[in-house]
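For this chain, numbers begin at 1 and follow the sequence in order.
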Amino acid sequence: MKKIKTVVQTVVFALVVLMLSSAAGPNAPKKVIKLGFIPLTDCAPLVVAKEMGFFQKYGVEVQLSKEASWANVRDKILNGELQGAHCLFSMPFSVYTGVGGKPGAEMKIAMVLNNNGQGITLSKEFCGLAGFKEYKKVAPAVKAVQAKKEVTFAMTFPGGTHDIWLRNWLAACGVNQKSVGIITIPPPQMVSNMKVDNMEGFCVGEPWNGVAATQNIGFTHVASQDIWKHHPEKALVVNKEFAEASKEDLKNVMKAILEACKWLDNMSNRKKAAGWLTKPNYVNAPLAVIEARLLGSNDLGCDLGVQKYKDDCMTFFNNGFVNAPRKSHGIWFMAQYVRFGYLKSDPEYKAIAEKLVLDDLYNEVAKSMNVVLPNDDMKPFRITIDPTPFDPNNPEQYVSLAKK
């Protein structure tokens with residue numbers, strides 16, 4: 001009797017294992033991975049990966065979610081509502097250090113999505129006072145406008161890339177940051193806010209600088225690649241638990257996006273990409289504006305003509321140079337927080353960078369796709385608009401020397 005009972009138990013156990021095995025098999029529904037994006041031209045890698053079927057090619061089911069603001073993206077990544085997002089490269093450092101969120105909250109950087117392609121737009125009041133890259137004319141122009149009204153500039157997130165491009169530009173132009181207002185506005189709302197006179201300048205990603213010029217609301221004073229050629233801009237930023245518990249899914253998402261970045265750097269593909277981006281469910285901006293700036297042609301507005309960018313237009317791959325996330329770049333952003341008074345003392349630069357940058361995971365994915373790995377991380381560098389050299393191994397020295 002005991003022998004019969006044992007046999008029955010064994011058969012039941014085998015059936016249960018078979019059922020579970022069948023449920024997890026190739027025909028089982030895939031887990032949906034939700035990735036957020038903000039309506040900006042540089043969300044293109046996610047859009048292309050979706051439209052070209054690259055996510056499907058690498059075996060992951062991805063749903064794209066259009067978000068209203070960077071604060072929304074931050075909150076949804078932290079609470080797990082989004083597994084990841086097209087996100088400002090510096091946002092994880094801003095949040096972790098308490099500049100733009102709850103101190104100690106972790107968001108992980110899996111890879112970089114693009115270099116370049118942002119800009120600083122000035123309102124029509126500055127037209128004729130300071131033209132394209134005429135930095136020496138900015139401080140007198142600000143004083144001239146301040147004689148009539150308060151001058152306010154807008155950026156998209158405290159400690160985000162646009163905030164730091166704006167503050168670097170003000171410092172290079174000799175404008176005391178405490179002498180002007182600096183407010184936070186979501187990217188798609190920049191043009192409408194300038195139209196109703198809420199600010200006199202803003203820093204944001206494309207196509208919104210191009211839209212402002214086209215609508216004669218303002219003009220492009222400088223592109224972000226003129227502030228730092230080939231700067232890190234957007235990144236694939238992911239939820240901590242997703243990165244740890246679903247590493248294979250994350251790697252497949254990264255492979256799909258890396259393939260999309262390579263596809264986008266073939267300039268003959270960019271018109272097709274612009275055709276997707278212009279749609280209401282993505283960026284919802286005029287096709288001509290998206291297409292022109294995606295191809296490196298910036299009609300500046302204010303009768304300043306057209307500025308052409310070639311190797312330094314918005315790039316997505318650049319033989320792998322774009323996509324490798326550097327700890328040194330994270331340390332640079334944190335040094336800016338100290339430089340501009342967001343932080344009163346130096347954070348634990350290296351420890352934070354090592355905690356938030358998934359460079360080992362990126363290297364593994366890149367090697368599996370035969371993508372070249374840059375070897376410049378943690379080496380000294382200097383950005384275009386700032387004469388002070390930056391050594392990521394000694395950020396404290398940079399902060400003591402850099403112009404405020």
Side-chain angles (χ1 to χ4, degrees), residues 32-56 60-77 81-88 113-114 117-119 121 154 156-157 160 162 184-196 198 202-218 220 233-234 236-237 253 256-257 260-261 263-264 269-299 301 313-314 316:
V32 175
I33 298 167
K34 201 170 177 182
L35 300 181
F37 72 93
I38 291 287
L40 289 161
T41 302
D42 55 21
C43 72
L46 271 61
V47 172
V48 167
K50 184 73 174 177
E51 296 291 338
M52 290 292 291
F54 294 152
F55 289 128
Q56 191 175 16
V60 281
E61 182 73 31
V62 171
Q63 178 185 338
L64 299 185
S65 175
K66 187 173 180 175
E67 301 296 330
S69 69
W70 291 121
N72 218 39
V73 169
R74 172 201 60 197
D75 294 344
K76 287 186 175 181
I77 290 178
E81 191 172 339
L82 294 173
Q83 280 69 56
H86 149 259
C87 188
L88 302 163
L113 301 179
N114 71 292
Q118 322 299 297
T121 289
T156 64
F157 187 83
H162 305 118
T184 304
I185 301 283
Q189 298 177 22
M190 286 292 186
V191 176
S192 58
N193 272 272
M194 181 171 274
K195 192 180 294 184
V196 297
N198 280 343
F202 60 72
C203 184
V204 75
E206 299 298 351
W208 305 114
N209 298 285
V211 171
T214 301
Q215 294 186 5
N216 198 27
I217 304 299
T220 303
E233 182 48 46
K234 300 303 185 301
L236 175 66
V237 173
V253 167
I257 293 177
C261 289
W263 185 91
L264 276 162
N269 289 331
R270 293 203 174 186
K271 286 190 175 184
K272 189 172 185 178
W276 288 320
L277 291 168
T278 191
K279 294 180 179 177
N281 57 319
Y282 292 131
V283 179
N284 194 25
L287 173 63
V289 178
I290 294 175
E291 185 178 298
R293 297 217 169 191
L294 197 53
L295 290 167
S297 180
N298 290 11
D299 189 341
C313 67
M314 187 182 290
F316 298 93

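The main-chain N or O of Gly210 is found under 3.5 Å from a side-chain atom of Thr214 such that the two form a donor-acceptor pair. A distance-only check finds a donor-acceptor pair linking the side chain of Asn209 to the backbone of Val204 [under 3.5 Å]. Under the 3.5 Å distance criterion, the side-chain polar atoms of Thr156 are left unmatched by any main-chain donor or acceptor of Pro187. Using a distance-only test at 3.5 Å, with no hydrogens or angles considered, no donor-acceptor pair links the side chain of Lys66 to the main chain of Val283. Side chain of Ser192 to backbone of Gln189: a donor-acceptor contact under 3.5 angstrom is found.
Here the CD1-CZ distance, from Ile38 to Phe157, works out to 11.0 Å after rounding to the nearest 0.5 Å. Here the straight-line distance linking atom CD of Gln56 with atom CD of Glu61 works out to 7.5 Å at 0.5 Å rounding. To the nearest 0.5 Å, atom CG of residue Leu40 and atom CD1 of residue Ile290 are 10.0 Å apart. A distance of 9.5 Å separates CG of Leu82 from CD of Gln63, quoted to the nearest 0.5 Å. Note that CH2 of Trp208 and CE of Met190 are 11.5 Å apart. Values are rounded to the nearest 0.5 Å. Residue Lys50 holds its NZ atom at 11.5 Å from CD1 of Ile257, rounded to the nearest 0.5 Å.
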message: Would Glu291 and Thr278 count as a side chain to side chain contact (heavy atoms under 4.5 Å, CB included) here? Give the steps.
response: CA-CA 9 Å; Glu291 185 178 298; Thr278 191; over 6 Å; no

- request: Go through Asp42 and Gln118 one step at a time and tell me if the side chain to side chain contact (heavy atoms under 4.5 Å, CB included) criterion holds.
  value: CA-CA 9 Å; Asp42 55 21; Gln118 322 299 297; 3.1 Å; yes

- prompt: Are Met314 and Glu233 close enough, and set up right, to give a side chain to side chain contact (heavy atoms under 4.5 Å, CB included), and what steps lead you there?
  reply: CA-CA 10 Å; Met314 187 182 290; Glu233 182 48 46; over 6 Å; no

- request: Would you please test Val48 and Asn269 for side chain to side chain contact (heavy atoms under 4.5 Å, CB included) and show each step?
  value: CA-CA 10 Å; Val48 167; Asn269 289 331; over 6 Å; no

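The shortest distance between side-chain heavy atoms of Leu277 and Cys43 falls below 4.5 Å. Between Leu113 and Leu46, the closest side-chain pair of non-hydrogen atoms falls below 4.5 Å. In this structure the side chain of Leu88 reaches within 4.5 angstrom of the side chain of His162, judged on heavy atoms. Considering only heavy atoms from C-beta on, Leu64 comes within 4.5 Å of Tyr282 through its side chain. Side-chain atoms of Trp263 and Arg270, non-hydrogen and from C-beta on, never get closer than 4.5 Å to each other.
The heavy-atom pair separating Pro186 from Ala68 by the smallest distance is CB-O, 3.5 Å. Nearest heavy-atom pair, Ala154 versus Ile185, reported as atom, atom and distance to 0.1 Å: CB-CG1, 3.8 Å. Contact detail for Ala260 and Ala49: the closest heavy-atom pair is CB-N, 3.7 Å. Annotation for Gly296 and Cys313: closest pair CA-CB, 3.9 Å, computed over non-hydrogen atoms.
Listed by first then second residue, pairs satisfying salt bridge (charged side-chain N to carboxylate O under 4.0 Å, His left out) with a partner in residues 203-218 read Glu206-Arg293, not counting sequence neighbours.
For the pairing with Ile217, the side chain to side chain contact (heavy atoms under 4.5 Å, CB included) check across Val211, Asn193, Val191, Thr121 returns one residue only, Val191. Among Phe37, Phe316, Trp70, the single residue meeting the ring-ring contact (aromatic ring centres under 6.0 Å, His included) criterion with His86 is Trp70.
Between Glu67 and Lys76 a salt bridge is recorded (basic side-chain N to carboxylate O distance below 4.0 Å).
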